[in-house]
Protein chains: 2
Amino acid sequence: MTYEEFKQLFKLSKENIYKEILIDNRQSIRIKKENTVIKNLEKIFEAALKISSRKGFQAMSMRDLSRASGLSMGALYSYFSGKAAIMDMLRHQLENTIKRIFQERLNPDMDPLTKLRTAIETHLYLSEAMRLWFYFSYMESKNMNRVEREKAMAAELGTEKIFIDILNEGREKGAFRRQDPYLTAAAIKAVLQDWYLKRWKYSGRSITVDQYATFLTDLIETFVLPPPLES
Amino acid sequence: MTYEEFKQLFKLSKENIYKEILIDNRQSIRIKKENTVIKNLEKIFEAALKISSRKGFQAMSMRDLSRASGLSMGALYSYFSGKAAIMDMLRHQLENTIKRIFQERLNPDMDPLTKLRTAIETHLYLSEAMRLWFYFSYMESKNMNRVEREKAMAAELGTEKIFIDILNEGREKGAFRRQDPYLTAAAIKAVLQDWYLKRWKYSGRSITVDQYATFLTDLIETFVLPPPLES
DNA sequence: GTCTATATACGGATAGAC
DNA sequence: GTCTATCCGTATATAGAC
């Protein structure tokens, strides 16, 4: 599957994303009309992600956000209880989306190699489609409060576990050779994350997400597949 | 070489590091007595790194730093021109140390495989010895001013180029198989960085830096060495 | 060389008009 | 629903005593 096909298949439409945020936060949002909320949530979060990616969430003032989103200070505070809540909503929404997409894409009946390839592709393509969300969650997780920070670490371990399980299954079924599944999974995650963390580097070299997917799949398969038999 | 041997060999003594910082910033430090400066620079930077690693540099107030370093607000400002200067000094000092250590450790006459192993080891062990410096430079580089941010990106490309050159040399000499040296080098860097970025994860699993070095070397060698001949 | 006290600006958040 | 005006705490930075 290519990135274009992925985008077609999982229309991660802004409409859907912000509708989910509204549902999850109905009680703290003081505005009644659904259409208004969704339109403004989009403005607010797009602006917050853009500013945060440039100078960090802490350095973004509510006045910055007001200017960039086009809403006044007063209006902003009708949509969340405070600055910290924006961070929580971003992290939470991304986590839900990741869970949903992996469940839709990963079929337990796949053979281990297919499963491994699909998991790598899915993570990479999703992080491409929601790049600033991933970047934000990674860079800001250390600045979250205790509860949110622990959720962020749990999410990191959660997606890593997907890879650990696949690697273990592959070894049990004799499809993969012996290797440390924890370290291998950690390495897969590290390289997956590099794609959205150092976008400037890959853009500068005109590497496409499909090329990156092919490379990473190659790297990992060379490592986990049994060496060619010497006959 | 193990990490213990590395530490013995390159005594990255605090004394030396802060002496270098003093030399590089003689004009902006208003205190005359060298011993006083070195003692206090150590207090200041250790505290700044610790606080920043917990809640980020932006969120660290000068009052936080004053309390943690044991110096008053007034005294602090005798050692640098402003908060931003602390960031610049940290980034700059790390960059100099990296350059120096790589020059000492990498010998142009080594064969490509030895060179590759040595470069991986050197980067990993140095980042272990100066973990908070690496973590700081990585996480805060996006919040630097334009000039400093560009220096940070140049440094990233600089150490990556070490790996690209080794991979190219290995291919020219027939020691390595065909692969994209840019992507391979980027992957090496990503996994190297994961070690100091996600220390909580590796500590939780009791992985030592030597185990990590062995794993990464294995992963990359399996990928770049020619496959065993089918005879 | 180090301290306390303070100047000044900017931050998040809210009240109340429209 | 959205805006403007403002409260009030805390930020960086410095002046000047010791």
Side-chain angles (χ1 to χ4, degrees), chain A residues 18 21-22 25-45 47-48 51-52 54-90 140 143-145 148, chain B residues 18 21-22 25-45 47-48 51-52 54-90 140 143-145 148:
Chain A
Y18 294 110
I21 293 185
L22 169 56
N25 297 276
R26 220 358 170 169
Q27 76 295 347
S28 71
I29 296 176
R30 283 201 294 271
I31 311 300
K32 293 283 159 274
K33 285 168 64 180
E34 177 165 327
N35 284 344
T36 307
V37 176
I38 289 175
K39 177 182 54 120
N40 283 337
L41 282 180
E42 179 176 335
K43 284 186 196 163
I44 295 169
F45 282 93
I51 300 170
S52 296
R54 276 207 297 267
K55 58 177 178 180
F57 183 77
Q58 298 262 1
M60 175 190 77
S61 73
M62 294 305 275
R63 284 172 178 82
D64 289 338
L65 186 57
S66 166
R67 198 176 331 111
S69 67
L71 279 89
S72 68
M73 292 285 290
L76 279 184
Y77 278 87
S78 306
Y79 291 89
F80 39 75
S81 58
K83 198 185 171 189
I86 300 177
M87 195 153 79
D88 300 349
M89 289 157 87
L90 279 167
E140 305 298 343
N143 305 326
M144 295 172 181
N145 65 48
E148 291 293 319
Chain B
Y18 294 109
I21 293 184
L22 169 56
N25 297 277
R26 222 352 165 175
Q27 75 295 348
S28 71
I29 296 175
R30 282 202 295 273
I31 311 301
K32 294 282 158 274
K33 284 168 67 180
E34 177 165 328
N35 283 345
T36 308
V37 176
I38 290 175
K39 176 182 54 117
N40 284 337
L41 281 181
E42 179 176 337
K43 284 186 198 164
I44 295 168
F45 282 93
I51 300 170
S52 296
R54 276 207 297 266
K55 58 177 178 180
F57 183 77
Q58 298 263 358
M60 175 190 77
S61 73
M62 295 305 275
R63 281 177 179 80
D64 290 338
L65 186 56
S66 165
R67 198 176 332 110
S69 67
L71 280 87
S72 68
M73 293 284 291
L76 279 184
Y77 278 89
S78 305
Y79 291 89
F80 39 77
S81 57
K83 199 185 170 190
I86 300 177
M87 195 153 80
D88 301 349
M89 289 157 87
L90 279 167
E140 304 298 343
N143 306 326
M144 295 173 181
N145 66 47
E148 291 292 320

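Each chain gets a letter, A, B and so on, in the order the sequences are listed, and its residues count up from 1. Just so it is clear, the structure is predicted and the values come from calculations on it, not from any experiment.
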> Name all residues meeting the side chain to side chain contact (heavy atoms under 4.5 Å, CB included) criterion together with Arg63(B); count only those two or more places apart in sequence or in a different chain, and write none if there are none.
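Once residues adjacent in sequence are excluded, the partners of Arg63(B) under the side chain to side chain contact (heavy atoms under 4.5 Å, CB included) criterion are Ser61(B), Met73(B).
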> The criterion is salt bridge (charged side-chain N to carboxylate O under 4.0 Å, His left out); which residues satisfy it with Lys55(B), sequence neighbours excluded?
Asp64(B)
> Drop me the distance from Leu22(A)'s CG to Thr36(A)'s OG1, to the nearest 0.5 angstrom.
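Answer for the CG-OG1 pair, Leu22(A) versus Thr36(A), is 10.5 Å.
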> Which atoms form the tightest heavy-atom contact between Leu65(A) and Ala47(A), and what is the distance?
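Closest pair (atom of Leu65(A), atom of Ala47(A), distance): CD1-CB, 3.9 Å.
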> For dA13(D) and Tyr77(B) - does any side-chain N or O of the residue sit under 4.0 Å from the phosphate oxygens OP1/OP2?
yes
> Which atom pair, heavy atoms only, marks the closest approach of Ile51(B) to Ala68(B)?
CD1-CB, 3.7 Å
> Remember a base hit wins even if backbone is also touched, and classify Tyr79(A) as base, sugar-phosphate or nothing at under 4.0 Å, heavy atoms.
sugar-phosphate
> Holding to side chain to side chain contact (heavy atoms under 4.5 Å, CB included), I want the full list of residues that pass it with Asn25(A), two or more places apart in sequence or in another chain.
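With neighbours one apart ignored, the set is Ile21(A), Ser28(A), Ile29(A), Met89(A).
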> Near DNA chain D, under 4.0 Å by heavy atom, which residues of residues 32-45 of chain A?
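Correct list: Lys32(A), Lys33(A), Thr36(A), Asn40(A).
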> Any pair with a residue in residues 69-83 of chain B that passes side chain to side chain donor-acceptor pair (under 3.5 Å), sequence neighbours left out, goes on the list, sorted by first then second residue, please.
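Found Asn40(B)-Tyr79(B).
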> Check Ala48(A) against Met60(A) and note the closest heavy-atom contact, atom names and distance.
CA-SD, 3.9 Å
> Excluding sequence neighbours, so at least two apart, what forms side-chain hydrogen bond (donor to acceptor under 3.5 Å, both in side chains) with Gln58(A)?
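Residues passing side-chain hydrogen bond (donor to acceptor under 3.5 Å, both in side chains) with Gln58(A): none at all.
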> Residues from residues 55-63 of chain A sitting under 4.0 Å of DNA chain D, heavy atoms only?
Arg63(A)
> Stem finding on DNA chain C, please: runs of three or more consecutive Watson-Crick or G-U wobble pairs, both distances under 3.5 Å, sorted by first number.
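Paired runs of 3+ in DNA chain C: C:1-18 with D:1-18.
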> Please compare Ser81(A) and Asp64(A) by the position of their nearest nucleotide in DNA chain C and report the one closer to 5'.
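Looking at the nearest nucleotide for each, Asp64(A) comes out on the 5' side.
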> Sequence neighbours left out, what passes side chain to side chain contact (heavy atoms under 4.5 Å, CB included) with Glu148(A)? Give chain and number order.
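If we apply the side chain to side chain contact (heavy atoms under 4.5 Å, CB included) test to Glu148(A), skipping adjacent residues, the hits are Asp88(A), Arg91(A), Met144(A), Asn145(A), Lys151(A).
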> So, using ring pair (Phe, Tyr, Trp, His ring centres under 6.0 Å) as the criterion, who are the partners of Phe57(B) when residues are at least two apart?
Phe136(B)
> To the nearest 0.5 Å, what is the distance between CZ (Arg54(A)) and CG (Asn143(B))?
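It is 12.5 Å, given to the nearest 0.5 Å.
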> Give me the first and last nucleotide of DNA chain C, going 5' to 3', that has any atom under 4.0 Å from a heavy atom of chain B.
dG1(C) to dT4(C)
> Please enumerate all residues that pass side chain to side chain contact (heavy atoms under 4.5 Å, CB included) together with Ala84(B), with sequence neighbours excluded.
none
